[in-house]
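Here's the structure we're looking at; comments come further down.
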Amino acid sequence: MTGAVSVTWLFDPLCGWCYGAAPAIHHLAGQAGVVLDPLPVGLFAGSGAFPMNDGFARHAWSADQRIARLSGQPFTEAYRLKVLGAAAGRVDSGPATLALTAVRLAAPADEVVTQELAALEAIQRARYVDGEDNADPAVIAGVLERLGMAAAAARFRSPDPSLAAADRARVAAGREAMRRMDVRGVPALILGKGVGARLLDAGQLFGPVDALVATVAAG
């Protein structure tokens, strides 16, 4: 690539398709010249959160099987039984999103994206592979601690006003990007910034990664 290319990735931690896109996102983030900016949109946070119910569980599991076929990402029986089947569970990405903001604030400047992607991957695997409820703050804090992100975990356990404000600002920026680019769902990729920004075909996240990289490199 000749020069840096900015790519904004719009996502939600509880979005199964975003979990399915993770291998492509990690590959893209590792490319020289790509400046990846993960931006949460709060799809299942705040007013978007709701109690787990049979209808959603059936819809999610059906979609998850398709995602697994396209991406190779695992969705286990432990997830189906213990998360989708939890009578008292909630679909709420607010805690996970707040945790990712805590990771960003605690990470060294040159490791912000790397650490956020690592934390997101671990939070997603806790849900989809281990069958843990990653809408539970205690589960998320434990994930961060196991990753060695003690400072982020401590701040997440006792969020201060500046962390809450930073989290609200990130979600607001994600939602504004969706509005500006007329994005209907996540995951979504925006290439470039400002007037020249354009929306990429999200289907490329589930195809050959070399084709995705070539599209990004072409600008």
Side-chain angles (χ1 to χ4, degrees), residues 4-15 17-19 21-22 25-26 28-30 34-50 90-127 132-181 183 185-194 197 199:
V5 180
S6 171
V7 180
T8 302
W9 178 43
L10 303 180
F11 74 96
D12 186 274
L14 265 63
C15 161
W17 287 100
C18 298
Y19 168 63
I25 291 296
H26 281 275
L28 189 60
V34 173
V35 180
L36 184 73
D37 181 19
L39 197 56
V41 301
L43 180 66
F44 296 117
S47 61
F50 55 90
R90 283 185 60 78
V91 180
D92 185 356
S93 62
T97 302
L98 182 66
L100 294 175
T101 302
V103 168
R104 284 185 72 93
L105 295 181
D110 61 344
E111 295 182 17
V112 167
V113 173
T114 300
Q115 290 200 14
E116 180 171 10
L117 290 181
L120 174 59
E121 180 182 25
I123 289 169
Q124 289 171 324
R125 287 188 66 83
R127 179 182 183 85
E132 296 186 273
D133 181 8
N134 66 1
D136 182 343
V139 168
I140 296 171
V143 168
L144 296 184
E145 287 163 354
R146 289 193 294 274
L147 286 175
M149 300 179 180
R155 193 166 184 185
F156 169 69
R157 284 186 183 276
S158 301
D160 53 79
S162 62
L163 172 58
D167 188 59
R168 288 193 299 270
R170 290 190 77 204
V171 171
R175 290 176 175 173
E176 170 57 21
M178 289 187 74
R179 185 204 63 77
R180 186 175 66 252
M181 302 301 295
V183 173
V186 291
L189 292 176
I190 301 172
L191 183 61
K193 298 283 188 181
L199 191 65

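Below, each value reflects all heavy atoms present in this structure, side chains not excepted, and no hydrogens, waters or symmetry copies.
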Taking the side chain as everything from C-beta on, heavy atoms only, tell me whether [X] gets closer than 4.5 Å to [Y].
X      : Y     : value
Leu189 : Ile25 : yes
Phe44  : Pro13 : no
Leu28  : Val7  : yes
Leu14  : Leu43 : no

### Query
Is the backbone N or O of Glu132 less than 3.5 Å from a side-chain atom of Arg127, with the two atoms forming a donor-acceptor pair by type?
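Checked: no pair found.
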### Task
Determine, stepwise, if the pair Ile123 / Leu100 fulfils side chain to side chain contact (heavy atoms under 4.5 Å, CB included).
CA-CA 9 Å; Ile123 289 169; Leu100 294 175; 4.2 Å; yes
#### Entry: Any residue meeting ring pair (Phe, Tyr, Trp, His ring centres under 6.0 Å) with Tyr19, in chain and number order, not counting sequence neighbours
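Checked Tyr19 against ring pair (Phe, Tyr, Trp, His ring centres under 6.0 Å); matches are Phe75, Tyr128.
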Rounded distance [0.5 Å steps], [atom1] in [X] versus [atom2] in [Y]:
X      : Y      : atom1 : atom2 : value
Thr97  : Arg168 : OG1   : CZ    : 13.5 Å
Arg155 : Met149 : CZ    : CE    : 15.0 Å
Phe156 : Ile140 : CZ    : CD1   : 4.5 Å

### Task
Kindly indicate, with the supporting measurements, whether the criterion side chain to side chain contact (heavy atoms under 4.5 Å, CB included) is fulfilled by Leu117 and Leu36.
CA-CA 10 Å; Leu117 290 181; Leu36 184 73; 4.0 Å; yes
### Query
Is atom CZ of Arg104 surrounded by more than 12 heavy atoms (other residues, nucleotides or ligands) closer than 6.0 Å?
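Atom CZ in Arg104 is crowded, with more than 12 foreign heavy atoms closer than 6.0 Å.
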### Query
Between Val113, Thr8, Leu120, Val112, which is the residue that forms a side-chain contact (heavy atoms from CB on, under 4.5 Å) with Pro38?
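Among Val113, Thr8, Leu120, Val112, the one that satisfies the side-chain contact (heavy atoms from CB on, under 4.5 Å) with Pro38 is Val113.
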